[in-house]
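Following: one structure in structure tokens, then a few remarks.
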Amino acid sequence: MYPAAFEYHLPTSVKDALGLLGQLKDDAKILAGGHSLIPMMKLRLAQPKHLVDLRKVPGLSGIKEDGGVLAIGAMTTHWQIESSSLVKSKAPVLSEVGGIIGDPAVRNLGTIGGSLAHADPAADWPAIMIALGAEMVCEGPKGRRTVKVDDWFQGLMATALRDDELLVEIRVPLQPARSGAAYLKFPHPASRFAVVGVAAVLTMDGSKVGKASVGITGAGTRAVRAKGVEAALAGKNLAGAGAIEAAAQKAAEGIDVQADLQGSVEYKSHLCRVFAKRAVTEAVKRAS
């Protein structure tokens, strides 16, 4: 199908883009990479009267280290994150995630900010952002504000981003020594979206877990923190054969797991447990 008619806008500054959002209000949609919005428009699930394309706005892409944080511009593509030498040296799990999103076409045009603002419940970036404790920097007519990742995902394709704001930067804290991070998923064979994906970040304190952070995507209407797994891991010595298994059994607890075309509630809950075990096991290896 063809999308409904719309007017196309190509602002050349953040100020101009915000001005358009303020003027057009609910009639406008932001276009970043387009790999989520354009298919929805072709199916007429979305019918915006105006598209505001950010690709000509300077300063919205790039990666830099800034005081113990990786600052990633919202228009930075998945491929740029995957291939960045800085990311590979400071937060290699981000490079890994960038490399398993979709296919080469998606990775070369799709953007991290577009993914996080769209908040598809099966997207890959949300789980690892939760596990790493990222922050989203939004800019609106009154200036910038920062939103913690635990406050970002608010429902099905709903975030804390206001209608008159742009997501301009993602700030990812660098992990301390003896930390390990991993993201593993069961991918849909066609789209490569996560049927279920689990991200785990562990910091060891001697032989015990000092801090554990686990994010899950694909299971419900939004990415969530697996608090049961985190609590079961914190302070534990994982040398025993059953410690990780016991923690992983709590992966679906407190999550509103949703049945869909990919599987039943029982099946997706099982995947949560399986991939929580795998992600935590890999994170522990990397923290050694």
Side-chain angles (χ1 to χ4, degrees), residues 11-22 25 28-37 52-82 84 86-87 90-91 93-95 97-98 101 109-120 123-155 157-175 181 183 199 201 213 215 217 222-225:
T12 56
S13 70
V14 171
K15 181 180 178 180
D16 289 344
L18 292 175
L20 286 167
L21 290 181
K25 301 187 184 301
K29 283 284 188 182
I30 291 294
L31 180 64
H35 284 285
S36 297
L37 179 59
V52 180
D53 190 341
L54 298 182
R55 65 190 176 93
K56 293 292 187 180
V57 176
L60 291 184
S61 65
I63 306 165
K64 64 182 180 181
E65 186 177 357
D66 180 21
V69 168
L70 273 187
I72 305 172
M75 288 291 286
T76 305
T77 66
H78 311 312
W79 160 246
Q80 288 172 324
I81 296 171
E82 176 190 359
S84 166
L86 178 62
V87 172
K90 298 294 184 179
V93 69
L94 295 180
S95 178
V97 174
I101 294 173
L109 288 176
T111 64
I112 185 172
S115 175
L116 292 171
H118 185 62
D120 190 296
D124 296 302
W125 287 122
I128 192 62
M129 291 297 139
I130 289 172
L132 288 171
E135 294 182 336
M136 318 302 169
V137 181
C138 307
E139 185 165 346
K142 296 182 180 180
R144 292 193 172 195
R145 68 185 182 103
T146 300
V147 181
K148 294 184 181 301
V149 71
D150 286 334
D151 299 322
W152 183 254
F153 302 105
Q154 299 188 347
M157 295 181 178
T159 71
L161 186 67
R162 296 168 183 160
D163 291 340
D164 60 350
E165 290 181 324
L166 296 176
L167 174 59
V168 295
E169 187 177 81
I170 299 91
R171 297 180 64 80
V172 182
L174 298 178
Q175 300 305 302
Y183 173 70
V201 178
S213 186
T217 193
R222 63 187 177 98
V224 295
R225 183 177 294 281

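Here the straight-line distance linking atom CH2 of Trp125 with atom CG of Asp120 works out to 15.0 Å at 0.5 Å rounding. Taking NZ of Lys15 as the reference point, atom CD of Glu139 lies at 11.5 Å (rounded to 0.5 Å). How far CD1 of Ile30 is from CG of Leu167: 10.5 Å, rounded to the nearest 0.5 Å. Note: Thr217 OG1 to Arg222 CZ = 11.5 Å, rounded to the nearest 0.5 Å. Within the model, atoms CE of Met136 and OG1 of Thr146 stand 10.5 Å from one another, a figure rounded to the nearest 0.5 Å. Between atom CG of residue Leu109 and atom NE2 of residue His78 there is a gap of 9.5 Å, rounded to the nearest 0.5 Å.
Two residues are said to be in side-chain contact when any heavy atoms from C-beta on lie closer than 4.5 Å; Lys142 and Asp164 fail this criterion. Between Arg225 and Ser213 there is a side-chain heavy-atom pair separated by less than 4.5 Å. Between Asp151 and Glu135, every side-chain heavy-atom pair lies at or beyond the 4.5 Å cut-off. Two residues are said to be in side-chain contact when any heavy atoms from C-beta on lie closer than 4.5 Å; Ile130 and Val224 fail this criterion. With a 4.5 Å cut-off on side-chain heavy atoms, Leu132 and Val149 do not count as touching. Here the side chains of Gln80 and Ile112 are not in contact, with every heavy-atom distance at 4.5 Å or above.
Within the 3.5 Å criterion, the main-chain N or O of Val87 finds no donor-acceptor partner in the side chain of Lys90. Remark: the backbone N or O of Leu116 is paired with a side-chain donor or acceptor of Trp152 at under 3.5 angstrom. Remark: the backbone N or O of Pro173 is paired with a side-chain donor or acceptor of Gln175 at under 3.5 angstrom. A donor-acceptor pair is defined here as one N or O able to donate and one able to accept, closer than 3.5 Å; no such pair exists between the side chain of Ser61 and the backbone of Thr76.
Across Ala160 and Val147, no two heavy atoms sit closer than the pair CB-CG1, 4.0 Å.
Counting heavy-atom neighbours within 6.0 Å of Asp163 CG, excluding the residue itself, gives a total of 12 or less.
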